Protein chains: 2
Amino acid sequence: MAVQTVVTSTDSSAVDLGPAAALSCRECGHRVPLGPVFACEECFGPLEIAYDFSAYDTEELRKRIEAGPANIWRYAPLLPVPADVAEKPNLNPGWTKLVQADHLAGELGVEPGKLFVKDDSGNPTHSFKDRVVAQALEAARAFGFTTLSCSSTGNLAGAVGAAAARAGLRSCVFIPHDLEQGKVVMAAIYGGELVGIEGNYDDVNRFCSELIGDPAGEGWGFVNVNLRPYYAEGSKTLAYEICEQLGWRLPDQIVVPIASGSQLTKVDKGLQELIRLGLVEDRPYRIFGAQAKGCSPVSTAFKAGHDVVRPQKPDTIAKSLAIGNPADGPYVLDIARRTGGAVEDVTDEQVVEAIKLLARTEGIFAETAGGVTVGVTRKLIEDGVLDPSLTTVVLNTGDGLKTLDAVAGTGLTATIRPTLDSFREAGLA
Amino acid sequence: MAVQTVVTSTDSSAVDLGPAAALSCRECGHRVPLGPVFACEECFGPLEIAYDFSAYDTEELRKRIEAGPANIWRYAPLLPVPADVAEKPNLNPGWTKLVQADHLAGELGVEPGKLFVKDDSGNPTHSFKDRVVAQALEAARAFGFTTLSCSSTGNLAGAVGAAAARAGLRSCVFIPHDLEQGKVVMAAIYGGELVGIEGNYDDVNRFCSELIGDPAGEGWGFVNVNLRPYYAEGSKTLAYEICEQLGWRLPDQIVVPIASGSQLTKVDKGLQELIRLGLVEDRPYRIFGAQAKGCSPVSTAFKAGHDVVRPQKPDTIAKSLAIGNPADGPYVLDIARRTGGAVEDVTDEQVVEAIKLLARTEGIFAETAGGVTVGVTRKLIEDGVLDPSLTTVVLNTGDGLKTLDAVAGTGLTATIRPTLDSFREAGLA
């Protein structure tokens, strides 16, 4: 499946979203002008952004990027945002650390200097969601929306609340009414409306779709529904940053977590764009998808050789990945197979072990999704699927402070009285 | 009190800590070679680093800094670290965002474009402690220590554990045995020794001092005890970054939280160094100190016109600032008075209000210490002490995710059934 990114420059649109020229159906290629729509009117396929990159000179573009700000807006020429985006109030996420993880490499049997962790816990609200919400915010502004909204079970709620506060927009976030208190606080602190829905996450989603079609939802931009085509593009910046931070080189292998699968498909899209633009050398790369066994519809389909993904009922501590019916699952399967990658899963126990392993070796405290990618990387190496002699990047998409419960068993290694004798008795000397 | 920063280049030392030439007593000026000592052998005054900056050309130094990495090591020529520090495994903290806070400015009556928040929640373990621990780590390496240690009640424990893990050193952190479970998890996750002491924080400190003098403590670097002179210098980087991010300009006013007072004195030291090196124009600036009323020994002394600080028993939600007997209190008083600043305090209620205000206006979720600085800024403006027409920088030194309990009352703004009727009834349309 080829990735459609370049269109003729005859496309026009009333809104200024930089190089974004139109929306194009991923399934049938039908095109519509830029707008707050997400499904193809012809075939109900997902719409995505088609760009006009035809005017770019490779070396000029590279220089422009390198001279840009230390955040995602250095890539504004490749994103659906206006050229002056960096001057507007937003959270300026991105340009997070790519950590050369030699101690972790040692534990996993990867050659020294070959293993990297892309640590997105460094984003403003400490998850990769800031990248995608930042794109949706610009689309919301372009379409004249005054309320930023979403359905969420955690990370996204905080990212939307924070971005709206900074931009001076109203926010109204919908969550299941019985979420953990910590997540509620993190979503509520930014002062927007935070509405608990009596029901589960599916009920919340269904309600949001209803609201979009109702006059009451007029002027509302739902980042992950009617702004989804714009929102999703934010994940491309992970691919851009990784390549630039590697010295404008493609990684040989990259391990990406799978929730809806959108992130993985956009990482691939970003890599393809860099190749097409001449910013990196065109070499083979493999993309690996990572899931928790308790919600592994895509890895199950991959292993069974299926093209379709059969929904599962999630039961895992990796809640930010717990989407049982991932919309982009078939595209993920296609990309993993096309690039020579794979999709694998690990148990919750392995997730916790991997969180501790990453913290102990590199000082990075990842949320459960990071435990999933590190755990899957370990498994893929042990199984001979991932090549430990090649440059490999593992994504950590969130912060351990957000999923403390998952490692609640971690604690004191000793308790002593405040005396040297007690210290010696404990064997600490 | 003049800040002693330049010494003759005849000083020599066996260890390579870059421009650090010797240790010098802040009280009597007595000098000793670089080593793991913290108190003057003559007068028991605090030792601090004396530098040799004599070889620097201003414009060359500026270019070298600007071409440096996007972390504190861009300032390596001004820190007690070897020249190759950026190549060693460490957490590379710093170069956090300086956020132009126009919405907050509007609420506080500050002129647009004049108010900035220096947001240190973007550091690797989400507090400014990563800056100081990074310096202590280099000193530990230089002195051949194999264990990194500290006494802590929270942020520091995590910062030390993470830095040691990344560096491949052993860590052993001492905390009161009855800390909140969340803080224990955050400190334990990095896999070092985490020892609970049966006693309060004073008992922990006393024990650590005993351990340093005992053979059992040989080879141990306590970041905030025997490595304190190096450790403390990390706070200078806040001053460097603020000035560079303002376009190599001094801020007119800066609001700094006070725990031990060390950070405020080192911010002043950093500003003085930039002036002396010609990197910024020498203009007046005012430094303001911020405390919580429940632990306000320095603001109490400031208001009473005293030169000495009378210890208090802390009782405040701002636990990271709750040092009742701040070692650098007298120096803080001196700096606030010399620069025309002030020291002020706010109630716990005002701290919570300020946390919410900052989150609501700028999308920044601060820990209680950030609530203290924002709250004090508001109070100082209302009282006519801080000039709202001048460029003002407010420090946020930590992340709200670490002090969720302080804002636990924040929650849902509405609960509805998943229907449009219920949505309308709640007045959300």
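Computation of the quantities below employed the complete heavy-atom set of this structure, encompassing side-chain atoms and omitting hydrogens, waters and symmetry-equivalent molecules. Convention: sequence-line order gives letters A, B, ...; per-chain numbering from 1. Note that the structure is a prediction, hence the values are computed from the model and not measured.
A/Thr147 does not touch chain B: none of its heavy atoms, backbone or side chain, sits under 4.5 Å away. A/Ala163 does not touch chain B: none of its heavy atoms, backbone or side chain, sits under 4.5 Å away. Using a 4.5 Å cut-off between heavy atoms, B/Ile364 touches chain A through its backbone atoms (N, CA, C, O) alone. With a 4.5 angstrom heavy-atom cutoff, A/Ala101 touches chain B only via backbone atoms. Of the two parts of B/His177, the backbone and the side chain both hold a non-hydrogen atom closer than 4.5 Å to a non-hydrogen atom of chain A. Neither the backbone nor the side chain of B/Ala164 comes within contact range of chain A; no heavy atoms are under 4.5 Å apart.
Across every non-hydrogen atom of B/Glu198 and A/Pro418, the tightest pair is O-CD, 3.4 Å. Residues B/Leu211 and A/Phe423 share a closest heavy-atom pair of CD1-CE2, 3.6 Å. Between A/Ala165 and B/Gly363, the shortest heavy-atom distance links the atoms CB-N, 3.9 Å. Closest heavy-atom contact between B/Ile416 and A/Phe207: CD1-CZ, 4.0 Å.
Counting heavy-atom pairs closer than 4.5 Å to chain A, the top residue among B/Leu428, B/Thr361, B/Val173, B/Thr96 is B/Leu428. Ranking B/Ala216, B/Gly400, B/Ala414 against chain A, the residue ahead of the rest is B/Ala414, based on heavy-atom pairs under 4.5 Å. In terms of non-hydrogen atom pairs under 4.5 Å with chain A, the most contact-rich of B/Val407, B/Leu358, B/Asp214, B/Asp203 is B/Asp214. Most heavy-atom pairs under 4.5 Å with chain A: of the set B/Glu218, B/Arg206, B/Glu210, B/Lys402, this distinction falls to B/Glu210. Each of A/Val204, A/Asp102, A/Asn92, A/Ile355 has some count of heavy-atom pairs under 4.5 Å with chain B, and the biggest count is that of A/Asn92.
Within residues 113-130 of chain B, the residues that have a heavy atom under 4.5 Å from a heavy atom of chain A are B/Ser121, B/Pro124, B/His126, listed by number. Proximity to chain B among residues 178-197 of chain A is limited to A/Gln181, A/Gly182, A/Val184, A/Val185, A/Met186, A/Ala188, A/Ile189, A/Tyr190, A/Gly192, A/Glu193, A/Leu194, A/Val195, A/Gly196, A/Ile197, judged by heavy-atom separations below 4.5 angstrom.
Using a 4.0 Å cut-off between charged side-chain N and carboxylate O, A/Glu362 and B/Arg166 make a salt bridge.
Under the 4.5 Å side-chain criterion, counting only non-hydrogen atoms from C-beta, B/Leu412 is in contact with A/Ile175.
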